[in-house]
Amino acid sequence: MKETLLSLEHLSIDYKIKGGYLSAVHDVSMDLYPGEIFAVVGESGCGKSTVAHSIMRLLSGGNAKIEGKILFEGWDLRNYTEKEMEAVRGREIGMIFQNPLDSLNPVYTVGNQVSEAIMLDRVEKQEAMKRAIALFQDVKMPDAGERANSFPHELSGGMRQRVMIAMMLSRDPRLLIADEPTTALDVTIEAQILEIIKELKQTHNTAILMITHNFGLVAEAADKIAVMYAGEVVESGDVFEIFERPMHPYTKLLMQALPRKTKKEGRLQTIDGSVPRILDKKPGCRFANRCPYATETCRTQTPAVAQISETHRCRCFLAPDEIPSDRKGA
Amino acid sequence: MAKMVELDQMEKHFRISKGMFDTSRQVVRAVDRVSFSIEEGEVVGLVGESGSGKTTLARVLLSLTKMTGGKAMIDGVDLSKATKKDLKKLHQEIAVVFQDPASNLNPRQTVESSIMRPMVIHGVPRSEARRKAKEVLDMVKMDQRYLDSYPHQLSGGQLQRIAIARALALSPKIMILDEPTSALDVSVQAQILNLLLDLQEKMHLTYLVITHDLNVIRYISDKIAVMYLGKLVEFGPTEEVTEHPKHPYTKGLMDAAPILDPRLRGRAKELMKGDPGSLINLGTGCRFYSRCKYATAECEKEDPKILNVGFGHQVSCVHPLQ
Ligand SMILES: Nc1ncnc2c1ncn2[C@@H]1O[C@H](COP(=O)(O)OP(=O)(O)OP(=O)(O)O)[C@@H](O)[C@H]1O
Ligand SMILES: Nc1ncnc2c1ncn2[C@@H]1O[C@H](COP(=O)(O)OP(=O)(O)O)[C@@H](O)[C@H]1O
Ligand code: SF4
Ligand code: SF4
Ligand SMILES: [Mg+2]
Ligand SMILES: [Mg+2]
């Protein structure tokens with residue numbers, strides 16, 4: 001079996017806020033392998049970005065309390081010094097965000113910014129610019145040579161995201177974390193960016209952690225998927241399996257809420273109620289107040305993670321535990 | 001069926017100055033000679049990339065901006081010849097809901113005053129407006145308790161319900177929905193789409209729905225209008241346009257749209273190259289020319305004519321797809 005590149009083990013993150021602790025992420029475990037696109041999906045506020053940022057140690061606010069392990073090639077990143085983390089960021093793990101403008105410097109040309117990144121590896125200036133332009137070509141930037149002389153505000157959203165990807169590629173990381181990378185883009189440009197990400201996985205064997213609320217992207221590109229709800233991964237596994245045979249009540253309802261038909265074929269499934277904010281953890285299933293199958297047990301006890309198959313895990317009392325496993329946590 | 005909206009060569013051009021020192025003018029042809037109609041009780045979806053002129057077209061219909069050419073008839077009223085009285089009638093008949101739930105409402109007003117405001121402006125007595133506010137809140141399936149809430153106390157989905165309730169307050173005939181669910185999560189989106197369809201069927205409303213999301217358009221609309229750089233490039237019944245797109249741009253858009261089924265990920269698709277170009281000082285000829293792989297010299301000569309290809313399906317292309 002392939003070696004895991006990234007393993008989250010029982011990761012929990014609480015934000016200290018007025019009046020207690022907000023449980024933003026609870027008992028999340030997942031394994032990422034090289035050359036695999038792993039999608040983390042869920043509705044806004046379910047904790048996706050908190051997971052992504054914690055890996056890079058980029059949680060802002062200084063009010064986060066973390067438990068569990070973040071293993072990268074077997075080493076727990078949580079034990080790294082700030083200096084060691086600095087070396088991991090970019091070189092080992094790259095990241096792209098929804099809004100590339102936040103990460104680009106407005107006063108330097110994009111060519112300059114990418115060649116700066118390349119020069120970190122002691123490459124001489126002219127050579128670095130040459131490589132930067134080659135990278136712009138790799139990410140299919142139109143008129144790559146000329147565009148290198150543009151400032152970020154002169155570029156379209158799609159071109160800026162290409163710059164970010166080129167910048168990330170210049171360090172050739174083993175893991176790419178992409179947090180809603182195409183949310184601000186038109187579908188036509190989104191499709192182009194998605195192609196580049198898929199190519200990256202194939203040619204560089206890069207592992208990609210794709211954070212998104214867009215199930216279309218997951219269906220188009222992901223190999224594995226973890227569905228998050230109110231801070232927990234409720235179900236995870238192979239994309240085909242989860243789309244075709246979802247097991248968790250939340251995933252099941254969600255799949256039927258997707259607009260996959262026409263109105264002539266009937267109304268979409270809806271889920272009554274709303275996501276709870278979990279302040280000061282109590283036992284119980286976090287979906288119980290909306291779940292059509294909830295019982296008294298669900299309200300008073302926390303369901304464990306059932307291992308349905310080699311890769312398929314589900315956090316629900318109704319899930320059959322088929323493969324006994326000593327290492328649980330979806 | 002009666003025509004509720006009828007656009008005939010409608011255009012909206014903006015003149016902008018080039019810069020502080022250069023006073024020569026440039027023209028942005030945001031909506032350029034667009035013709036199509038919406039029947040009473042019909043849902044028409046308007047799609048196209050960012051900057052293609054969708055919102056501008058909507059703003060003309062809402063008389064938030066004046067068209068610069070052509071003709072627009074709304075429920076029998078000619079927009080360019082409308083009197084004050086006509087416009088007042090139209091303001092009651094045509095309502096709008098925007099994408100950003102927060103921008104639809106005033107942060108310092110309670111839900112009740114937000115819903116009452118358009119009615120009060122139109123001279124509805126306060127007591128009557130208050131009664132109607134309760135009624136429309138009921139229609140969007142929200143509890144009366146929310147009447148005293150402020151926008152910041154509500155979720156995105158709740159805000160969008162309130163915006164819809166407010167739009168319903170003057171009993172409109174036409175609703176323009178500009179990206180009504182883009183800011184919402186999947187499960188909330190499903191609730192709002194169902195609600196919109198229920199209301200539309202019950203009250204026989206006419207909808208113009210603007211969105212980037214082709215899955216949403218396919219679900220909700222009877223007909224689809226596709227815009228590219230200010231031009232209407234294709235128009236027709238939803239199934240016709242999605243299953244047999246005739247314009248190369250529509251085909252590219254359909255191919256780029258993610259399908260919510262992993263089993264279809266290997267399907268043949270051609271990804272369009274490049275970004276949508278600029279609207280400033282366009283020359284003659286097809287605006288899709290630089291991105292189109294079927295382009296020939298002919299396409300550059302003049303604006304492609306509108307062809308009827310049957311089943312109420314129209315396309316504006318020199319070499320429509322088979
Ligand atoms: N007041 C204005 N002055 C000058 N140009 C304008 C004005 N309003 C809109 N435009 C231009 O008209 C074009 C169409 O804009 P519009 O907002 O209608 O696009 P849209 O299709 O709604 O895009 P999106 O999908 O991003 O909402 C754009 O190029 C825009 O910059
Ligand atoms: N610094 C912070 N302090 C307090 N709460 C936070 C902070 N950052 C995020 N949260 C909360 O944590 C939860 C998860 O947020 P986030 O990870 O951003 O979700 P997602 O990316 O899935 O939308 C939300 O309830 C959010 O409001
Ligand atoms: S544990 Fe109970 S409440 Fe939670 S999802 Fe399963 S059946 Fe529903
Ligand atoms: S008119 Fe010509 S360039 Fe334009 S879409 Fe048709 S084939 Fe392409
Ligand atoms: Mg986020
Ligand atoms: Mg718009």
Do the non-hydrogen side-chain atoms of B/D222 and A/K263 ever get within less than 4.5 Å of each other? yes

Say you draw a straight line from CD of A/E43 to CD of B/Q189; how long is it, rounded to the nearest 0.5 Å? 10.0 Å

So for B/K269, is it side chain, backbone, both, or neither that comes closer than 4.5 Å to the heavy atoms of chain A? side chain

With a 4.5 angstrom heavy-atom cut-off, which part of A/L258 approaches chain B: side chain, backbone, both or neither? both

Close side-chain approach of A/R260 and B/N215, heavy atoms under 4.5 Å: no

To the nearest 0.5 Å, atom CG of B/L271 lies from atom OG1 of A/T188 at 9.5 Å

Under 4.5 Å from any heavy atom of chain B - which part of A/E244: side chain

Can you tell me how far apart CD1 (A/I189) and OG (B/S50) are? Round to the nearest 0.5 Å. 10.0 Å

In terms of heavy-atom proximity below 4.5 Å to chain B, should A/F243 be classed as side chain, backbone, both, or neither? side chain

With a 4.5 angstrom heavy-atom cut-off, is it the side chain or the backbone of A/E195 that approaches chain B, or both, or neither? side chain

Can you tell which part of A/K140 gets under 4.5 Å to a heavy atom of chain B, answering side chain, backbone, both or neither? neither

Pick from A/M255, A/M159, A/M141, A/K261: which one has the most heavy-atom pairs with chain B under 4.5 Å? A/K261

Rounded to the nearest 0.5 Å, what separation is found between the CG atom of B/D261 and the CZ atom of A/F215? 14.0 Å

Enter the distance from B/D185:CG to A/N214:CG here, rounded to the nearest 0.5 Å. 11.0 Å

Examine whether an atom of B/D213 lies under 4.5 Å from a heavy atom of chain A, and if so say whether it belongs to the side chain, the backbone or both; otherwise answer neither. neither

